[in-house]
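As structure tokens, the structure follows; a few thoughts come after it.
If you're wondering where the values come from, they're calculated on a predicted model, not measured in any experiment.
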Amino acid sequence: MKKVLQQKKVWFYQLNLDRNLGKTNALNEKDLAEFVELQKTFAESENAWSINIKDIDQSTFDLSAKNPNKKEEVALRQPQEILEEMKALDEESSLIMDNLQLIIDNERKHH
């Protein structure tokens, strides 16, 4: 009779809150409801996933994981928008440098 070895996995849960936590805004039971339910069976969802232990780096045992169920939304800006922002930042930098030069020139006159 062959023994079937159960695959060992590490279960992850990503807590997603639509608010910042703090003294006046603490974590509550409602925040943890999905976690409590899913962890009973280590079920997978948009916020929960498992990885096989053999896929973990055996030299570092790094458990930092990226949720494979979440697609990162990257808002791409239009090239014109990027150029306009760069020009505005250049103008702002130029004004700052001009002001610094005036301060330096003023200091020289008074010493």
Side-chain angles (χ1 to χ4, degrees):
M1 177 159 50
K2 286 186 179 178
K3 271 190 177 180
V4 178
L5 294 176
Q6 182 181 3
Q7 279 192 337
K8 296 191 185 247
K9 294 185 174 195
V10 177
W11 184 75
F12 291 87
Y13 182 81
Q14 180 177 348
L15 182 62
N16 292 312
L17 300 176
D18 294 330
R19 60 189 170 77
N20 292 323
L21 296 177
K23 286 182 182 179
T24 59
N25 202 4
L27 193 62
N28 60 50
E29 286 185 36
K30 184 181 171 201
D31 296 330
L32 297 173
E34 182 189 43
F35 167 78
V36 169
E37 193 56 39
L38 293 174
Q39 64 85 34
K40 291 176 185 175
T41 60
F42 302 112
E44 296 199 6
S45 74
E46 188 175 310
N47 296 319
W49 69 99
S50 297
I51 60 170
N52 196 305
I53 286 179
K54 70 177 178 55
D55 295 330
I56 296 172
D57 185 329
Q58 298 298 302
S59 61
T60 63
F61 295 99
D62 181 7
L63 293 177
S64 57
K66 194 168 189 162
N67 185 343
N69 303 324
K70 290 276 185 187
K71 303 294 180 227
E72 283 190 37
E73 292 180 26
V74 178
L76 298 178
R77 297 184 301 163
Q78 294 299 314
Q80 188 61 39
E81 181 185 349
I82 295 169
L83 285 174
E84 287 169 10
E85 183 177 354
M86 289 172 67
K87 285 178 187 175
L89 290 170
D90 282 347
E91 288 171 12
E92 185 180 345
S93 294
S94 182
L95 284 173
I96 291 169
M97 287 190 293
D98 289 346
N99 285 333
L100 287 172
Q101 188 63 54
L102 286 173
I103 292 169
I104 291 169
D105 292 346
N106 237 359
E107 288 293 317
R108 284 187 183 152
K109 287 179 187 175
H110 290 86
H111 282 74

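- By the 4.5 Å heavy-atom criterion applied to side chains, N47 and L38 are not counted as neighbours.
- The shortest distance between side-chain heavy atoms of V10 and I53 falls below 4.5 Å.
- In this structure, the salt bridge (charged side-chain N to carboxylate O under 4.0 Å, His left out) partners of K40, at least two apart in sequence or on a different chain, are E37.
- How far CD of E44 is from CG of N69: 7.0 Å, rounded to the nearest 0.5 Å.
- For the atom pair CD1 (I96) and CD (E91), the distance works out to 12.0 Å, reported to the nearest 0.5 Å.
- Around CD of Q78, the count of heavy atoms belonging to other residues, nucleotides or ligands within 6.0 Å does not exceed 12.
- The neighbour count for R77 CZ, taken as heavy atoms of other residues, nucleotides or ligands under 6.0 Å away, is above 12.
- In terms of modelled atom types and a separation under 3.5 Å, the side chain of W11 and the main chain of A43 share a donor-acceptor contact.
- No more than 12 heavy-atom neighbours from other residues, nucleotides or ligands sit within 6.0 angstrom of CD on E92.
- Between W49 and F12, the ring planes lie parallel to each other; the angle is under 30°, not in the 30° to 60° tilted range.
- The shortest heavy-atom contact between K8 and N52 is O-OD1, 3.5 Å.
- Put simply, L17 and Y13 are part of the same group of oily side chains (I, L, V, M, F, W, Y) that touch within less than 4.5 Å, one to the next.
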CA sep, side-chain torsions, deciding dist, call: E46, N16, side chain to side chain contact (heavy atoms under 4.5 Å, CB included): CA-CA 10 Å; E46 188 175 310; N16 292 312; 5.8 Å; no

R19 and D31: CA distance, side-chain angles, deciding distance, side chain to side chain contact (heavy atoms under 4.5 Å, CB included) verdict: CA-CA 11 Å; R19 60 189 170 77; D31 296 330; 2.2 Å; yes

CA sep, side-chain torsions, deciding dist, call: M86, L89, side chain to side chain contact (heavy atoms under 4.5 Å, CB included): CA-CA 5 Å; M86 289 172 67; L89 290 170; 5.7 Å; no

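- Rounding to the nearest 0.5 angstrom, the gap separating the NZ atom in K66 from the CD1 atom in I51 is 14.0 Å.
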Step-by-step side chain to side chain contact (heavy atoms under 4.5 Å, CB included) determination, L102 to N106: CA-CA 6 Å; L102 286 173; N106 237 359; over 6 Å; no

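- Residues K9 and S50 come closest through the heavy atom pair CD-CB, 3.9 Å.
- At a threshold of 4.5 Å between non-hydrogen side-chain atoms, the residues L63 and I56 count as touching.
- Note: L100 CG to S93 OG = 10.5 Å, rounded to the nearest 0.5 Å.
- Between the side chains of S59 and D57, a donor-acceptor pair is found at a separation under 3.5 Å.
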